Amino acid sequence: VLEELVTNLPLSTLLEQIIDRFETRSEGMARACVRLLDRDGRRLIPVAARGLPSTYLDSVGSIAIGEGGGSCGAAAATGAPVYIGDIASDPRWRDLAQTTLAYGLRACWATPVRGLGGAVIGTFASYYDHPREPLQHEIEAITVAARTVGLAIERHLSNDRLREQEARAHVD
């Protein structure tokens, strides 16, 4: 994936490739999702989630940042990873538990995605169909995936800024 970051692949393609590799390494146990902050920095919008049903993403929609926003909302609010082993019993899922459990999702681990300046710009989450806590190698894999997502986003934004500067230079 790092080699592909230097190509001009669309951001959505890069994010899907990161998710694919993460899910493959989990041996089919994880379903990953990348969410990015909206323009106001108050909600998380899903931008890539190949393994999760689109109907789930539609029904949950954007997630509020904070303690009632599940693993992703809490991770974005605190800037720290949040590993919830059982969605059914964790109060941080109070606003989303009913819908999430209806889709058979029981555990969710989320890690903040940071931009180059260190600010949280989104989250990388992995969902599981049974209650479970992460093992150390899984924590490391989520951390690497979140960092790679951050690099992909920053690379995309940098390319956009460069194109804008080139367009202005041609107009002048």
Side-chain angles (χ1 to χ4, degrees), residues 1 10-12 14-19 22-23 26 30-129 131-134 138-158 160-161:
V1 172
L11 179 60
S12 60
L14 286 171
L15 296 178
E16 291 291 344
Q17 288 179 357
I18 294 166
I19 286 173
F22 180 84
E23 290 177 349
S26 77
R31 290 182 265 173
C33 179
V34 175
R35 293 179 177 273
L36 297 180
L37 289 176
D38 66 4
R39 292 184 193 268
D40 297 331
R42 294 183 186 163
R43 300 188 72 78
L44 292 162
I45 301 167
V47 295
R50 185 168 284 182
L52 290 171
S54 61
T55 53
Y56 169 70
L57 296 171
D58 292 343
S59 63
V60 170
S62 64
I63 294 176
I65 294 172
E67 289 301 313
S71 304
C72 293
T78 64
V82 174
Y83 307 110
I84 295 178
D86 190 358
I87 290 169
S89 63
D90 195 291
R92 290 170 288 191
W93 276 88
R94 69 178 177 266
D95 299 340
L96 304 169
Q98 186 175 1
T99 302
T100 303
L101 293 169
Y103 279 88
L105 303 171
R106 292 297 308 271
C108 181
W109 314 330
T111 298
V113 171
R114 296 185 182 279
L116 292 179
V120 174
I121 59 173
T123 59
F124 182 90
S126 57
Y127 293 80
Y128 301 86
D129 62 4
R132 64 187 300 263
E133 297 297 326
E138 293 169 317
I139 291 171
E140 291 166 5
I142 292 169
T143 301
V144 168
R147 286 185 185 147
T148 307
V149 166
L151 289 171
I153 292 166
E154 288 295 335
R155 172 76 176 169
H156 176 75
L157 294 173
S158 176
D160 284 351
R161 287 189 294 269

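Because the structure is predicted, anything quoted here is derived from the model rather than measured.
Side-chain contact check for L57 versus C33: some heavy-atom pair is nearer than 4.5 Å. The shortest side-chain heavy-atom distance between L105 and R31 falls under the 4.5 Å cut-off. The shortest side-chain heavy-atom distance between F124 and T143 does not fall under the 4.5 Å cut-off. You'll find the side chain of I142 reaches within 4.5 Å of the side chain of F22, heavy atoms only. The shortest distance between side-chain heavy atoms of L37 and I65 falls below 4.5 Å.
Using modelled atom types, one side-chain atom of S26 and one backbone atom of E23 make a donor-acceptor pair closer than 3.5 Å. Judged by distance alone, the side chain of R114 and the main-chain N or O of G79 form a donor-acceptor pair under 3.5 Å. At distances below 3.5 Å, at least one donor-acceptor pair connects side-chain atoms of D86 with backbone N or O atoms of A88.
Between R132 atom CZ and I84 atom CD1 the span is 14.5 Å, to the nearest 0.5 Å. To the nearest 0.5 Å, the span separating CD1 on I153 from CG on L15 amounts to 5.5 Å. To the nearest 0.5 Å, atoms CD (Q17) and OG1 (T148) are separated by 12.0 Å. In this structure, the separation between OG on S62 and CG on L36 is 12.5 Å, given to the nearest 0.5 Å. Between E138 atom CD and S126 atom OG the span is 7.5 Å, to the nearest 0.5 Å. How far CD1 of I18 is from CG of L151: 8.5 Å, rounded to the nearest 0.5 Å.
Checked against a 6.0 Å centroid threshold, the rings of Y128 and W109 count as neighbours. The ring of Y127 has its center no closer than 6.0 angstrom to the ring center of Y103.
When the shell of 6.0 Å around CZ of R147 is examined, it contains 12 or fewer heavy atoms from other residues, nucleotides or ligands.
Summarising the geometry of L44 relative to A76, their closest heavy-atom pair is CD1-CB, 3.9 Å, with the distance given to 0.1 Å. Across all non-hydrogen atoms, the minimal contact from G69 to I63 is O-CG2, 3.2 Å. Of all heavy-atom pairs between A74 and E67, the closest is CB-OE2, 4.3 Å. When every heavy atom of T123 is checked against every heavy atom of V113, the shortest pair comes out as C-CG2, 3.6 Å.
With salt bridges taken as basic N to acidic carboxylate O contacts below 4.0 Å, none links R106 and D129. D90 has a carboxylate O that lies under 4.0 Å from a charged side-chain N of R92, or vice versa, which qualifies the two as a salt bridge.
Of the N and O atoms on the side chains of S71 and Y83, not one donor lies less than 3.5 Å from an acceptor on the other residue.
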